[in-house]
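In what follows, a single structure is set out as C-alpha cells and then discussed.
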Amino acid sequence: MSSLVRYVAEQNSWNAIFGRKPYDLSVPADRVRLAHRIDGELSPENLTMDGELSRSQVNRRYNQLIRVAEELQRLDPSIQFSEV
C-alpha cells in the first residue's frame with residue numbers, strides 16, 4: 001500500500017498547512033473523503049491541469065492516482081469511484 005500511504009501523507013501535509021483535518025485510513029468517513037478527492041483529481045480538467053501538463057505528465061499522474069484508488073478499494077471494498 002505504499003502508493004496510498006504516500007498519497008495520504010502528501011494530502012495530510014497540505015491539510016496541515018491549510019488547517020484542515022488530516023485523513024486517517026482507519027476511519028471509514030476519511031476513506032470516503034479520500035475517494036471523493038481522488039475522483040476529483042481524476043476529472044479531465046484537474047488531471048491535465050486545464051491542459052497545462054504534457055501527455056507524459058498526465059499519464060504519470062493518472063497511473064499514480066489509479067494505483068492509489070485501487071489500493072484504497074482493496075482496503076475498503078465498499079469504496080466506489082465514478083472516474084475509475
Side-chain angles (χ1 to χ4, degrees):
M1 292 217 187
S2 60
S3 293
L4 177 59
V5 170
R6 278 193 309 269
Y7 180 81
V8 170
E10 180 181 302
Q11 294 308 310
N12 283 341
S13 293
W14 284 108
N15 286 346
I17 291 169
F18 292 105
R20 293 185 288 223
K21 180 182 169 229
Y23 293 106
D24 181 348
L25 289 174
S26 66
V27 177
D30 283 354
R31 293 192 300 263
V32 171
R33 283 178 50 217
L34 276 168
H36 288 287
R37 175 146 191 96
I38 293 165
D39 258 343
E41 288 189 56
L42 283 168
S43 74
E45 297 84 11
N46 292 332
L47 186 63
T48 65
M49 301 270 183
D50 290 325
E52 296 296 318
L53 297 182
S54 70
R55 188 67 178 149
S56 63
Q57 290 172 309
V58 171
N59 287 339
R60 221 177 359 263
R61 187 172 152 95
Y62 174 81
N63 290 331
Q64 187 258 343
L65 288 168
I66 292 299
R67 275 192 304 276
V68 171
E70 288 170 348
E71 290 179 15
L72 184 58
Q73 274 190 315
R74 278 196 298 276
L75 178 66
D76 185 346
S78 70
I79 296 291
Q80 299 295 315
F81 294 94
S82 60
E83 296 289 339
V84 175

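Listed by chain and number, the residues in a salt bridge (Lys or Arg N to Asp or Glu O under 4.0 Å) with R37 are E41 (sequence neighbours excluded).
Note: R67 CZ to I38 CD1 = 12.0 Å, rounded to the nearest 0.5 Å. Atom CG in N15 sits 11.0 Å away from atom CD in E10 (nearest 0.5 Å). Note: L72 CG to Y7 OH = 9.5 Å, rounded to the nearest 0.5 Å. For the atom pair CZ (R60) and CG (N63), the distance works out to 9.5 Å, reported to the nearest 0.5 Å. R61 contributes atom CZ, which lies 7.0 Å from atom CG of N46 (distance to the nearest 0.5 angstrom). Put simply, CZ on R20 and CG on N12 are 10.5 Å apart, with the number rounded to the nearest 0.5 Å.
Look at R31 and D24 and you find no salt bridge, because none of the NZ, NE, NH1 or NH2 atoms lies under 4.0 Å from a carboxylate O.
Both L65 and L75 sit in one connected hydrophobic cluster of ILVMFWY residues. Membership requires side-chain heavy atoms under 4.5 Å apart, directly or through other members.
The backbone N or O of L4 lies less than 3.5 Å from a partner atom in the side chain of E71, making a donor-acceptor pair. Remark: the backbone N or O of S82 is paired with a side-chain donor or acceptor of D39 at under 3.5 angstrom.
In summary, the side chains of Q57 and S54 do present a donor paired with an acceptor at a separation below 3.5 Å, with no hydrogens or angles considered.
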Evaluate the criterion side-chain contact (heavy atoms from CB on, under 4.5 Å) for residue pair L53 and L47; output intermediate values, then yes/no. CA-CA 8 Å; L53 297 182; L47 186 63; over 6 Å; no

Could you go through the side-chain contact (heavy atoms from CB on, under 4.5 Å) check for V32 and D76 one step at a time? CA-CA 9 Å; V32 171; D76 185 346; 5.7 Å; no

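Within the 4.5 Å cutoff, side-chain heavy atoms of L34 are placed close to those of L25.
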